[in-house]
Amino acid sequence: MHDYTANAATADEPRPMTYRPGAFVIDTRTATLVQVMGHLGPHVQVRRHGGGREWEVPPQVLRLATREEREAAGIQASDSTSPVGCAECATLEAERQNAIIAVRSHFRTAHLLPKENAW
């Protein structure tokens with residue numbers, strides 16, 4: 001999901017794109033793979049994958065990292081679901097998603113679908 005910043009320039013100028021926390025992006029000034037940690041005013045807060053000190057960058061110098069760039073940096077697909085790259089967080093989030101699906105399935109089959117011999 002991409003958002004546009006509220007303090008955009010005129011209609012003739014493209015609005016800088018911002019990214020949700022946890023997204024892996026490339027700082028095009030240095031060709032550095034970084035992870036979005038948040039937004040502060042017109043800037044995006046980023047840091048290297050795995051931790052470290054955050055810094056701010058203007059959104060117009062960022063672009064989404066490709067799958068190949070993420071894989072080359074050793075980032076697994078599940079790491080993308082954690083804003084801080086934590087494997088345990090990613091596992092717990094996957095389990096949460098599976099539990100939501102199980103609850104919905106149970107509700108439909110146990111409470112919404114007609115039961116046999118209901119008449």
Side-chain angles (χ1 to χ4, degrees):
M1 179 176 112
H2 300 295
D3 299 323
Y4 288 104
T5 57
N7 58 350
T10 66
D12 294 340
E13 297 177 25
R15 296 179 181 190
M17 191 171 290
T18 57
Y19 304 94
R20 75 171 68 180
F24 289 99
V25 296
I26 300 292
D27 181 339
T28 59
R29 300 172 300 178
T30 59
T32 305
L33 178 78
V34 294
Q35 190 171 26
V36 174
M37 301 311 294
H39 304 277
L40 184 61
H43 289 92
V44 180
Q45 297 169 314
V46 298
R47 73 174 180 192
R48 292 187 186 275
H49 175 61
R53 189 173 194 162
E54 295 180 10
W55 69 93
E56 294 180 356
V57 297
Q60 58 269 33
V61 302
L62 299 175
R63 68 168 175 78
L64 276 176
T66 65
R67 179 183 310 155
E68 292 80 16
E69 290 168 327
R70 292 190 310 268
E71 289 174 355
I75 298 168
Q76 302 297 318
S78 63
D79 290 346
S80 298
T81 62
S82 169
V84 293
C86 174
E88 186 176 359
C89 286
T91 300
L92 291 170
E93 175 61 21
E95 290 173 0
R96 185 182 77 81
Q97 291 294 330
N98 289 336
I100 289 171
I101 293 167
V103 168
R104 288 179 182 162
S105 177
H106 162 76
F107 188 81
R108 275 193 297 273
T109 57
H111 305 291
L112 295 179
L113 294 177
K115 299 194 187 290
E116 293 179 12
N117 302 325
W119 302 99

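Atom set for the values below is all heavy atoms of this structure, side chains included, hydrogens, waters and symmetry mates excluded.
- Judged as a salt bridge (Lys or Arg N to Asp or Glu O under 4.0 Å), the pairs with a partner in residues 25-45 (not counting sequence neighbours) are, in order, D27-R29.
- Every salt bridge (Lys or Arg N to Asp or Glu O under 4.0 Å) that R63 has, sequence neighbours left out, goes to E69.
- Rounding to the nearest 0.5 Å places CD of Q35 at 11.0 Å from CZ of R70.
- Using a 4.5 Å cut-off on side-chain heavy atoms (C-beta onward), T32 and I26 make no contact.
- Using a 4.5 Å heavy-atom cutoff, the side chains of F24 and V36 are not in contact.
- H43 places none of its side-chain heavy atoms less than 4.5 Å from the side chain of W55.
- Looking at H39, its side chain does come within 3.5 Å of a backbone N or O of Y19 through a donor-acceptor pair.
- Under the side chain to side chain contact (heavy atoms under 4.5 Å, CB included) criterion, A73 pairs with L33, I75, sequence neighbours left out.
- By the side-chain hydrogen bond (donor to acceptor under 3.5 Å, both in side chains) test, T28 is found to be paired with no residue, residues two or more places apart in sequence or in another chain being considered.
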Just do the side chain to side chain contact (heavy atoms under 4.5 Å, CB included) check on L40 and E56 with the steps written out, would you?
CA-CA 8 Å; L40 184 61; E56 294 180 356; 3.1 Å; yes
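- Listed here is the closest heavy atom pair of P21 and G38: CG-CA, 4.3 Å.
- Judged as a salt bridge (Lys or Arg N to Asp or Glu O under 4.0 Å), and not counting sequence neighbours, E54 has no contacts.
- The minimum heavy-atom distance between P59 and P42, with the atom names listed, is CD-O, 3.0 Å.
- With sequence neighbours left out, the side-chain hydrogen bond (donor to acceptor under 3.5 Å, both in side chains) criterion links R53 to no other residue.
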